[in-house]
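Note that the coordinates shown come from a computational prediction; the quantities given were computed from them, not determined experimentally.
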Amino acid sequence: MAEKVSFEEQLEKLQTIVSQLEQGDVPLEKALAQFQDGVKLSKQLQDTLDNAEKTLTKLMDDNNQEINFDADTKEE
């Protein structure tokens, strides 16, 4: 069973890949593989951030119903 890697560990791995690619001394085949891994990590990190944002922008009303935090709840 694969162990779930934390957001911070994924981000650190992405930063390592970017740093290695920026140095430019990686063989082409390895650079392409790292680039693909970096793109995949970037998407996973963005998905995690998007899900966190969705979670943080919701509130519970008096009836335990979820409502959007940024929704205009004022009645005129």
Side-chain angles (χ1 to χ4, degrees):
M1 182 176 198
E3 183 178 324
K4 183 166 172 61
V5 180
S6 74
F7 179 86
E8 290 78 11
E9 290 169 328
Q10 288 179 322
L11 183 58
E12 185 175 324
K13 185 174 180 182
L14 179 59
Q15 290 170 332
T16 299
I17 289 170
V18 169
S19 177
Q20 290 174 350
L21 290 174
E22 285 178 341
Q23 291 176 4
D25 57 355
V26 178
L28 180 60
E29 293 82 12
K30 185 174 181 180
L32 288 173
Q34 286 182 322
F35 178 79
Q36 289 174 337
D37 289 345
V39 169
K40 191 181 305 181
L41 278 169
S42 178
K43 175 151 180 27
Q44 291 170 345
L45 290 166
Q46 187 61 51
D47 289 345
T48 300
L49 289 173
D50 289 344
N51 288 334
E53 181 180 21
K54 288 176 187 173
T55 299
L56 292 173
T57 58
K58 291 185 178 176
L59 296 172
M60 298 297 275
D61 66 11
D62 293 335
N63 298 320
N64 289 328
Q65 300 294 313
E66 286 185 358
I67 56 173
N68 287 331
F69 180 72
D70 58 355
D72 188 3
T73 57
K74 294 180 185 176
E75 293 183 23
E76 295 182 30

Distance (rounded to the nearest 0.5 Å) between Gln10 CD and Leu14 CG: 9.5 Å

Counting heavy atoms not belonging to Glu53, are there more than 12 under 6.0 Å from its CD? no

For Phe35, what residues pass the side-chain contact (heavy atoms from CB on, under 4.5 Å) criterion, not counting sequence neighbours? Leu21, Val39

Any donor-acceptor pair under 3.5 Å linking the side chain of Ser42 with the backbone of Gly38? no

Connecting only ILVMFWY residues whose side-chain heavy atoms lie within less than 4.5 Å of each other, what is the rest of Leu28's hydrophobic cluster? Leu32

Cluster link Val18 to Val5, ILVMFWY, side chain under 4.5 Å: no

Does any pair with a residue in residues 28-45 pass salt bridge (charged side-chain N to carboxylate O under 4.0 Å, His left out), and if so which ones, sequence neighbours excluded? Lys43-Asp47

Shortest non-hydrogen pair, Gln20 vs Asp25, comes out as O-OD1, 4.3 Å

Which residues pass the side-chain hydrogen bond (donor to acceptor under 3.5 Å, both in side chains) test with Gln15, sequence neighbours left out? none

By side-chain contact (heavy atoms from CB on, under 4.5 Å), which residues pair with Lys13, not counting sequence neighbours? Ile17, Leu41

Identify, with sequence neighbours excluded, every residue that meets side-chain hydrogen bond (donor to acceptor under 3.5 Å, both in side chains) alongside Glu8. none

